[in-house]
Amino acid sequence: MGDPPREPPEGAPEGGSGNEDEYRSVVFDESFVRAARIQELSARERLSGAFGRATRPRVRLGPLGSVPRQALALLLLILLAFGAAVYFGVSSPKGVPARPEGNQLTVSLVALSPASAVHPVADRADPFAVLPPGYGDGTLGLNTPAAAATGHFSRVEVAKALDTVQHYLAASSLAPVVLVQGSTAQVRVFVTPGEQAQFDASVAQPVDDRHHALTGWMVRFDPAQAALATDTVKVVGAMRVDESDAGTLQITTDHTFVYALKPVGAPAPAPVTLETVRRELTFQFDRVDLAAGQLRLVDSVLQAGPQSCAASSAGYLQPVLAAGPQGTAVAPPTPADPGDHGRPAWQVCGVLAGS
């Protein structure tokens, strides 16, 4: 019988027994051999010298048969990332301008001084009897038009914008809590976030600098001086729908509001004075504004009378109220000096025409 296997002269490898059993775990089975990327040449192939090397690459059937699963997964991830980049690159709002913020509203206030003494209305029970035909009560006088699609906005979107404008005009021009009770919250809810800082600054510190006159946002009278003789407000005017650009819907309104006012604290029966306020407003909407039911007021031109030219109208309108049957005299407007640069050029005063 032969000699049993002996350890090599230098001894058994460290950590091993020298027995063949320790190599059983690395014996290549048939599936591992078939999966090899290279294959040793046969004796006939080596003698022929056709390959010029001792091994040849193993060829698999199918276009991706030799690609490992890890490579396939990596390729798939790359393709998904590339597709996502293309999608978001096409659909991202790179070409959409940033939504405007800051002082967007420009205000022009024009006080209309009475040409003569201000007299109270003759009929306190029907103070609006002296108005010409065409005035309606409250929102009926706004004459909100029927919605129609524009070039880039649907009929539904235009209807939403018109509805928002009508509610804003009702809150800022017709609501007694705004007109004579000093409230502003009912108006602020319609202001877009980009204009709310400007609105809040106008409330905190109104000033006629063409941007922070609170009366550019709403009609309001000093509660310490004027009260409503009736909650009814007469209105006449119209609205026009347009587009500022492909992504901006624009609505321009031009209305005249007539208020019946009486002095606060006057003994009954208190004299009633008609105060006339014309508001020409320009509103703009993008689709975010439409979805939120908010608007951007970008231009406000207001004429009010009878009004004192000497008093500031930035915080409250300052109507000249009749103190009795003899009327209230008021000083004529001060002539404007174009050479006086100490007075802002936009501060304008006119003379109220008619009764």
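The figures that follow rest on heavy atoms only: side chains count, while hydrogens, waters and symmetry mates do not.
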Are [X] and [Y] packed together at the side-chain level, in the sense that at least one heavy-atom pair is separated by less than 4.5 angstrom?
X      : Y      : result
Gln225 : Pro263 : no
Glu275 : Gln307 : yes
Leu131 : Val258 : yes
Asp163 : His167 : yes
Tyr135 : Val235 : no
Leu321 : Val118 : no
Trp217 : Val191 : yes
Met239 : Leu142 : yes

Report whether [X] and [Y] are members of the same hydrophobic cluster (ILVMFWY, side-chain heavy atoms less than 4.5 Å apart, transitive linking).
X      : Y      : answer
Leu109 : Val207 : no
Val264 : Leu317 : no
Leu140 : Phe128 : no
Val351 : Leu112 : no
Val177 : Val233 : yes

Test log, rule side-chain contact (heavy atoms from CB on, under 4.5 Å), inputs Leu274 and Val121: CA-CA 7 Å; Leu274 294 184; Val121 297; 3.6 Å; yes
So, [X] side chain and [Y] main chain: donor-acceptor pair closer than 3.5 Å or not?
X      : Y      : value
Gln181 : Val178 : no
His212 : Pro206 : no
Ser244 : Gln250 : no
Glu243 : His152 : yes

Approximate separation, where rounding is to 0.5 Å, of [X] [atom1] and [Y] [atom2]:
X      : Y      : atom1 : atom2 : answer
Leu261 : Thr273 : CG    : OG1   : 7.0 Å
Leu74  : Leu79  : CG    : CG    : 9.5 Å
Asp242 : Ile251 : CG    : CD1   : 10.0 Å
His211 : Gln104 : NE2   : CD    : 11.0 Å
Gln303 : Leu352 : CD    : CG    : 10.0 Å
Phe190 : Tyr168 : CZ    : OH    : 9.5 Å

Could you tell me which non-hydrogen atom of [X] sits nearest to which non-hydrogen atom of [Y], and how far apart they are?
X      : Y      : result
Ala213 : Ser202 : N-OG, 4.3 Å
Leu105 : Gln198 : O-NE2, 3.0 Å
Arg279 : Ser172 : NH1-OG, 3.0 Å
Ser300 : Gly216 : OG-O, 2.9 Å
Pro271 : Pro120 : CB-CB, 3.7 Å
Glu157 : Ser154 : OE1-N, 2.9 Å

Heavy-atom neighbours of Arg155 CZ exceed 12 at 6.0 Å: no
Taking atom types as modelled and ignoring hydrogens, do the side chains of Gln166 and Thr144 form a donor-acceptor contact shorter than 3.5 angstrom? yes
Taking atom types as modelled, is there a side-chain donor on Gln284 or Thr248 under 3.5 Å from an acceptor on the other? no
If you apply the rule side-chain contact (heavy atoms from CB on, under 4.5 Å), what do you find for Leu179 with Val219, and how did you get there? CA-CA 6 Å; Leu179 295 175; Val219 177; 4.0 Å; yes
Parallel, tilted or perpendicular: which describes the rings of Tyr259 and Phe257, with under 30° parallel and over 60° perpendicular? parallel
Criterion side-chain contact (heavy atoms from CB on, under 4.5 Å) on Thr282 and Val301, from CA distance to verdict: CA-CA 9 Å; Thr282 301; Val301 180; over 6 Å; no
Given the options Asp137, Thr256, Thr276, Lys234 meets side chain to side chain donor-acceptor pair (under 3.5 Å) only with Asp137
When Asp289 is tested against each of Arg296, Lys160, Gln294 for side chain to side chain donor-acceptor pair (under 3.5 Å), which residue passes? Arg296
So, for Phe153 and Phe285, is the gap between ring centers shorter than 6.0 Å? no
Evaluate Leu249 against Phe283 for side-chain contact (heavy atoms from CB on, under 4.5 Å), listing each step before the verdict. CA-CA 8 Å; Leu249 187 66; Phe283 304 94; over 6 Å; no
Mark yes or no: Arg220 above the aromatic ring of Tyr316, with NZ or CZ under 6.0 Å from the six-membered ring centre and no more than 45 degrees from the axis. yes
Charged N to carboxylate O below 4.0 Å: is that the case for Asp254 and Arg278? yes
